[in-house]
Amino acid sequence: MRVRFAPSPTGALHIGGARTALYNWLLARQSGGAFVLRIEDTDRERSTPENVEQIYDALRWLELEWDEGPFSQAQRRPRHEEEIQRLQAEGHAYLDEGAVRLRVPDEGATTVQDVIRGEVVFEHAAIDDFVIARSDGSPLYNLAVAVDDRDMGITHVVRGADHLSNTPRQLLILRALGAEPPVYAHLPLLHGTDGKKLSKRHGAASVQELREAGYLPEAVCNYIALLGWGYDESTEFFTTEELVERFSLERVSKSPAVFDEQKLRWMNGHYLRRLEPGELRDRLEALLGRPIPEAAVAVAQEKMQTLTDFWRLAAFLVEPQPLDERAWEKVMTDGAPDRLRRAREAIASAEPFEPETLETALRSVVDELGVKPRDVYQPVRVAISGTTVSPGIFESVAALGREEALARIDRALDRAGA
RNA sequence: GGGGGCGUGGUCUAGUGGUUAGGACGCCGGCCUUUCAAGCCGGAGGACACGGGUUCGAUCCCCGUCGCCCCUACCA
């Protein structure tokens, strides 16, 4: 199979485009064929180098490497003009007020054989003689696509369903050109929560936004693969290899899907928890642009759903955070300073300085004082994290190190006037 | 207006001429427990868009209606 991904560079690549690219890439890998990248940049107003770079950037991040290209459709203009001339010379197209129109038969119909939708029939009566070249001679979309797909030997055109209605036009051009049409597969559109086709205007999630929000590329691929495709009745997680092996156009659904970030978060959390702490730290450092202690990473890992959650969860392990006054008021009640002082002694003498020994030491304080565990743990938590909510207290104290933990507790004791 | 596509809980989906219509996210509750998550367990939530057929029987087959979306540009 020779497939292609042919985005028009209108800005950041959104998840609809990413899914189209993924499906094409999967088919190429599965069949041992080629994945061709072609930039549909004939509309020069929208096609800025920055926009084109964003597409490369998104594909690279998702690790959907292309085998051929990137080709610029605009640069192929001589070829398009050549074919426009030929169509005119052979009577398939004609000049109309300077523009060139394709002659569409009045009778009959053109049938699209779509792998996903079956036969779709378009009566010619409903298709006007459409323009294939502007009066300034520049080729238009349908012409350029048909010529490029043919020239590039594309065997399967897999794209969004928004192109289904354009397909008979491309088929008509191909036929006039005397070319064999490719196999078509029109994917269900991705809609925004408002039910409309996803686009920049709808604030559609772009690939770069997802990256900045702390999603992992493998989780994003897994999630978007499921938007319009299902393997069986219950499997949700697929490695890239499994996707390559199991994906098939026949199982792609026909109805539009809505992007659900909640589910992506859930899935991303699974991927995050599966990472080795060292690997997770590398990714965090790459995203946050600063060194992160691995001990802090390990502590936060079990609660994170996105990489950016790390900061919310474990910033206090990297550097002291502002004290939450309400947390302080809530926890530092009568007797709390005293319990905190006892906890300090236990922490000071725990040996070795590990979660297990800290747990033993702090539990014995709880037992000796005859109070509830939270009466001891929450003051410690507020002292070291500044809030009432944090990862496991023993892990957190261990990750902080004895010296820093004690320093923070002393500061809290000072504040309490104890 | 014309043409085309689509229609299974809020969302993503599985599924078949006879099933208690399956799974997942989310939601609710419980367990765990030092907080919040995670994890585990349980629960609520669907007349399979609607109306006609065909059939002993339709979510599934046929027709119609409605709804939504796409195309209908000298945009892509």
Side-chain angles (χ1 to χ4, degrees), chain A residues 6-10 39-43 45-47 73 96-101 112 114 116-118 120-128 130-142 144-145 160-169 186 188-191 193-197 223-224 226-237 251 253-267 269-270 272-273 300-305 309 312-313 327 330-331 359 362-363 366 372-382 385 387-394 396:
Chain A
S8 69
T10 53
I39 306 297
E40 314 244 305
D41 53 357
T42 54
D43 180 353
E45 307 232 331
R46 293 197 272 187
S47 303
Q73 191 161 65
D96 172 40
E97 295 193 24
V100 182
R101 287 181 185 275
V112 177
D114 191 281
I116 296 167
R117 287 151 214 281
V120 185
V121 181
F122 295 85
E123 298 292 336
H124 290 158
I127 303 175
D128 297 329
F130 57 96
V131 177
I132 56 177
R134 298 185 182 89
S135 44
D136 67 1
S138 56
L140 253 19
Y141 172 70
N142 284 121
V145 167
D162 50 341
H163 287 102
L164 183 55
S165 300
N166 277 321
T167 307
R169 296 187 177 81
H186 287 93
L189 254 21
L190 255 32
H191 283 180
T193 35
D194 61 353
K196 295 235 169 51
K197 180 176 90 159
Y223 176 74
I224 63 179
L226 260 22
L227 249 27
W229 174 81
Y231 178 65
D232 61 15
E233 132 163 350
S234 57
T235 314
E236 301 259 290
F237 288 92
R251 290 190 64 83
S253 70
K254 298 183 177 111
S255 49
V258 174
F259 170 62
D260 177 10
E261 187 167 357
Q262 292 271 34
K263 186 160 183 177
L264 206 212
R265 282 187 66 84
W266 164 79
M267 183 165 270
H270 271 257
L272 240 24
R273 246 159 271 124
Q301 184 167 21
E302 63 185 24
K303 310 178 75 162
M304 295 165 59
Q305 285 196 307
D309 282 346
R312 179 171 58 74
L313 257 19
K330 186 177 174 190
V331 170
E359 177 165 7
L362 287 167
R363 277 194 191 286
V366 170
K372 291 184 173 178
R374 61 152 61 90
D375 294 329
V376 173
Y377 301 156
Q378 286 300 73
V380 174
R381 190 185 305 281
V382 170
S385 75
T387 78
T388 53
V389 177
S390 84
I393 194 69
F394 315 120
S396 296

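Keep in mind the model is a prediction, meaning the values are calculated, not measured. To find a chain, count down the sequence lines: A is the first, B the second, and so on, and within it residues start at 1.
Put simply, A/Ser135 has no side-chain N or O that comes within less than 4.0 Å of OP1 or OP2 on B/C74. Proximity of A/His270 to the phosphate of B/G39: a side-chain N or O atom is located under 4.0 Å from OP1 or OP2. Between A/Arg134 and B/A73, a side-chain N or O to OP1/OP2 separation shorter than 4.0 Å is absent. Applying the 4.0 Å criterion to OP1 and OP2 of B/U34, one finds that A/Arg363 has a side-chain N or O inside that range. For B/A76, the OP1/OP2 oxygens have a side-chain nitrogen or oxygen of A/Thr42 closer than 4.0 Å.
Base-pair partner of B/G39: B/C31 (Watson-Crick or G-U wobble, both distances under 3.5 Å). Both distances falling under 3.5 Å, in either a Watson-Crick or a G-U wobble arrangement, place B/G1 opposite B/U72. Across all strands shown, B/A49 forms a Watson-Crick or G-U wobble pair with B/U65, both key distances being under 3.5 Å. Using Watson-Crick or G-U wobble geometry with both donor-acceptor distances under 3.5 Å, B/A44 finds no partner in any strand shown. In a base pair of the Watson-Crick type (N1 to N3 plus N6-O4 or O6-N4) or a G-U wobble (N1-O2 and O6-N3), with each distance short of 3.5 Å, B/G9 is matched with no nucleotide. Pairing for B/C60 is absent, judged as Watson-Crick or G-U wobble with the two contacts each under 3.5 Å. Pair assignment for B/U16: none, as no Watson-Crick or G-U wobble contacts are both less than 3.5 Å.
No engagement by A/Arg265 is indicated, since no non-hydrogen atom pair under 4.0 Å with the nucleic acid exists. Contacts of A/Asp232 with the nucleic acid, taken as non-hydrogen atoms under 4.0 Å apart, involve only primed sugar atoms and P, OP1 or OP2. Backbone-only contact: A/Phe122 has heavy atoms under 4.0 Å from sugar-phosphate atoms and none from a base. At the heavy-atom level, A/Ile393 lies under 4.0 Å from base atoms of the strands shown. When heavy atoms are screened at a 4.0 angstrom cut-off, A/Tyr231 is found touching no nucleic acid atom at all. In this structure, A/Glu236 reaches the bases: a heavy-atom distance under 4.0 Å links it to at least one base atom across the strands shown. Across all strands, A/Pro391 comes closer than 4.0 Å to base atoms (heavy-atom distances). Note on A/Gln305: nothing from the nucleic acid sits closer than 4.0 angstrom, heavy atoms only.
The same atom, P, is picked in B/U20 and in B/A58; the two are 16 Å apart, to the nearest Å. Nucleotides B/A38 and B/C28 place their P atoms 12 Å apart, quoted to the nearest Å. If you take atom P in B/G18 and the same atom in B/A24, they sit 24 Å apart, rounded to whole Å. Rounded to the nearest Å, the gap between the P atom of B/G51 and that of B/C60 is 12 Å. B/G9 and B/C27 have their C1' atoms separated by 12 Å, given to the nearest Å.
Out of B/A76, B/C6, B/C70, the shortest distance to the side chain of A/Lys254 is found at B/C6. Here B/C12 is the nucleotide among B/U34, B/C6, B/C12 with the atom lying nearest to any side-chain atom of A/Lys263. Looking at the side chain of A/Arg117, the nearest of the listed nucleotides B/C25, B/C6, B/C74 is B/C6. Side-chain atoms of A/Leu140 lie closest to B/A76 of the nucleotides B/A24, B/U72, B/A76. Residue A/Ser165 places its side chain closer to B/G4 than to any other of B/G23, B/G22, B/G4. In this structure, of B/C25, B/G5, B/U34, it is B/G5 that holds the atom nearest to the side chain of A/Val120.
The base of B/G7 is not paired with the side chain of A/Ser255 by any donor and acceptor separated by under 3.5 Å. With hydrogens and angles ignored, no donor-acceptor pair under 3.5 angstrom links the side chain of A/Asn142 to the base of B/A76.
In this structure, A/Leu164 places its CG atom 17 Å from P of B/C69, rounding to the nearest Å. Rounded to whole Å, atom C1' of B/U11 lies 13 Å from atom CD of A/Glu261. The separation between A/Arg169 atom CZ and B/A76 atom P is 13 Å, rounded to whole Å.
A tilted orientation is assigned to the rings of A/Phe237 and A/Trp266, their planes being inclined by 30° to 60°.
Nearest-nucleotide positions on RNA chain B place A/Gln378 closer to the 5' end than the other of A/Ala161 and A/Gln378.
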